[in-house]
**Q** 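One structure is given below, represented as structure tokens, and several questions about it will come after.
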Amino acid sequence: MIQSQLAHLFPGFSSHRLKHGGADLFWLSAGRGPALMLLHGYPQTLAAWHAVAARLCDHFTLVLPDLRGYGRSLGPAADQTHEAYSKRQMADDALAIMQAMGFSRFALAGHDRGARVAYRLALDHPLSVSHLIVLDIVPTIEMWDRMSMAGALRSYHWLLLAQPAPLPERLIGADPIYYLHHLLDRWKGREASLDASAVADYEASYARPSVIEACCEDYRAGATIDRLHDAQDREANRMIDCEVLVIWAEQYLSSQSPLATWQRWAKQVRELRLDCGHFIAEEKPAETAQAIIQMFRASSSSGNESR
């Protein structure tokens, strides 16, 4: 049985757990059809996908995990290399979950930190990923390389959370719910409203010190080992093989299309621009779901759909 809060957001879904790589992973599943994993971002939980999942259950077998350390997924203790929270390790988590569900090849959609996990999985395990949908990001190394003064002010949390422990943990832990709502209000679109049950799930997660620590380790990994992995791929000119759809929020990225950046990382990529804030799956769920469905229909009609 899943918790009542999640049961309200995901009626008919089943819950699962798996111990893998030092983590205790939690996910939900439901639906029928091709396998599609949905990966959430910071500072959220799998609840971020509730409105999209409701629209996709009749088209896909959906798998929605909490990233390690987030939500109901328990993460390992931090280490000096930050490898335990690298996107490579999180991608291995995602792969293990899909294998436990019986899928060797599947599609991935990821938002924010989840999108970083998703593209890392597509680079490291190209035979496992049939389609990739990334929401509102550019690759991690590209983000660091382009960070000007204005970018640093806009994305200050990248620098704050990456500071050595326990500084950000202590600062955020002094009033975690205030900081959570600061981020939600800062990033959501004009006049956007997030579902109260979903926000309650984020609050329950972010109030736990272990989650704050995991989030900081996620960002420390982004400033160190994740950046190194991206640099190695870029130097080797490794590219994502599968079809890629980049969905981005006009109000969040200030009308600066990330398409040209992604064309340096993927062989087949196209974009969808939406007039909303950063929380695309919650602010524009119908458009997001329809874009994913159409991506599969286009692949099927061209004979490229994976079996």
**Q** Please collect all ring pair (Phe, Tyr, Trp, His ring centres under 6.0 Å) contacts where either partner lies in residues 73-113, sequence neighbours excluded, each pair once.
**A** H111-H278
**Q** Is it possible for you to say whether I225 and M147 belong to one hydrophobic cluster, with membership spreading through side-chain heavy-atom contacts below 4.5 Å?
**A** no
**Q** More than 12 heavy atoms of other residues, nucleotides or ligands under 6.0 Å from CD of E83: yes or no?
**A** no
**Q** Enumerate the residue pairs fulfilling salt bridge (charged side-chain N to carboxylate O under 4.0 Å, His left out) with a member in residues 43-52, sequence neighbours excluded, ordered by first and then second residue.
**A** none
**Q** For a 4.5 angstrom cut-off between non-hydrogen side-chain atoms, does I240 reach W262?
**A** yes
**Q** Same cluster or not: V117 versus M239, using hydrophobic residues (I, L, V, M, F, W, Y) connected whenever any side-chain heavy atoms lie under 4.5 Å apart?
**A** no
**Q** Please check if any side-chain donor atom of W265 sits under 3.5 Å from a side-chain acceptor atom of E142, or the reverse.
**A** yes
**Q** Could you check whether the rings of W158 and Y219 sit parallel, tilted or perpendicular, using 30° and 60° as the cut-offs?
**A** perpendicular
**Q** Has W27 got a side-chain atom pairing as donor or acceptor with A94's backbone, closer than 3.5 angstrom?
**A** no
**Q** Side chains of H229 and S86 only: does a donor on one sit below 3.5 Å from an acceptor on the other?
**A** no
**Q** Given 3.5 Å as the limit, does a donor-acceptor pair link the side chain of S73 with the main chain of F26, or not?
**A** yes
**Q** Can you check whether L67's main-chain N or O pairs, donor with acceptor, with H40's side chain at less than 3.5 Å?
**A** yes
**Q** Look at E169 together with R220 and state whether they make a salt bridge at an N to O cut-off of under 4.0 Å.
**A** yes
**Q** Restricting to pairs with a member in residues 110-134, which pass salt bridge (charged side-chain N to carboxylate O under 4.0 Å, His left out), not counting sequence neighbours?
**A** R88-D124, R113-D218, R120-D124, R120-D230, R120-D233, D124-R238
**Q** Considering residues at least two apart in sequence or located in another chain, which fulfil the side-chain hydrogen bond (donor to acceptor under 3.5 Å, both in side chains) criterion with T261?
**A** R146
**Q** Under a 3.5 Å threshold, yes or no: a donor from one side chain and an acceptor from the other, between T45 and D201?
**A** yes
**Q** Among residues at least two apart in sequence or on other chains, which ones pass side-chain hydrogen bond (donor to acceptor under 3.5 Å, both in side chains) with D145?
**A** R234
**Q** Would you kindly confirm whether L194 and I177 end up in one hydrophobic cluster when ILVMFWY residues are joined by side chain heavy atoms under 4.5 Å apart?
**A** no
**Q** Can a side-chain donor-acceptor contact be found between Q251 and E283 if the only test is distance below 3.5 angstrom?
**A** no
**Q** Sequence neighbours left out, what pairs pass side-chain hydrogen bond (donor to acceptor under 3.5 Å, both in side chains) with at least one residue falling in residues 205-215?
**A** Y42-Y206
**Q** Which atom names give the shortest non-hydrogen contact between A47 and Y202, and what distance separates them?
**A** C-OH, 3.8 Å
**Q** When you measure from the side chain of S128 to the backbone of R105, do you find a donor-acceptor pair of N or O atoms at a distance under 3.5 Å?
**A** no
**Q** Classify the ring geometry of Y178 against H182: parallel below 30°, tilted from 30° to 60°, perpendicular beyond 60°.
**A** parallel
**Q** Any chain of hydrophobic side-chain contacts (each under 4.5 Å) joining M143 to L228?
**A** no
**Q** State, yes or no, whether a side-chain contact exists between W187 and P43 at a heavy-atom distance under 4.5 Å.
**A** yes
**Q** Answer with yes or no whether the hydrophobic clustering places L183 together with L167; edges join I, L, V, M, F, W, Y residues whose side-chain heavy atoms lie under 4.5 Å apart.
**A** yes
**Q** Under 3.5 Å, is there a donor-acceptor pair between the side chain of D24 and the main chain of L74?
**A** no
**Q** Can you establish whether the number of heavy atoms outside R170 located under 6.0 Å from its atom CZ is more than 12?
**A** no
**Q** Without swapping roles, check the side chain of R68 against the backbone of G22 for a donor-acceptor pair under 3.5 Å.
**A** no
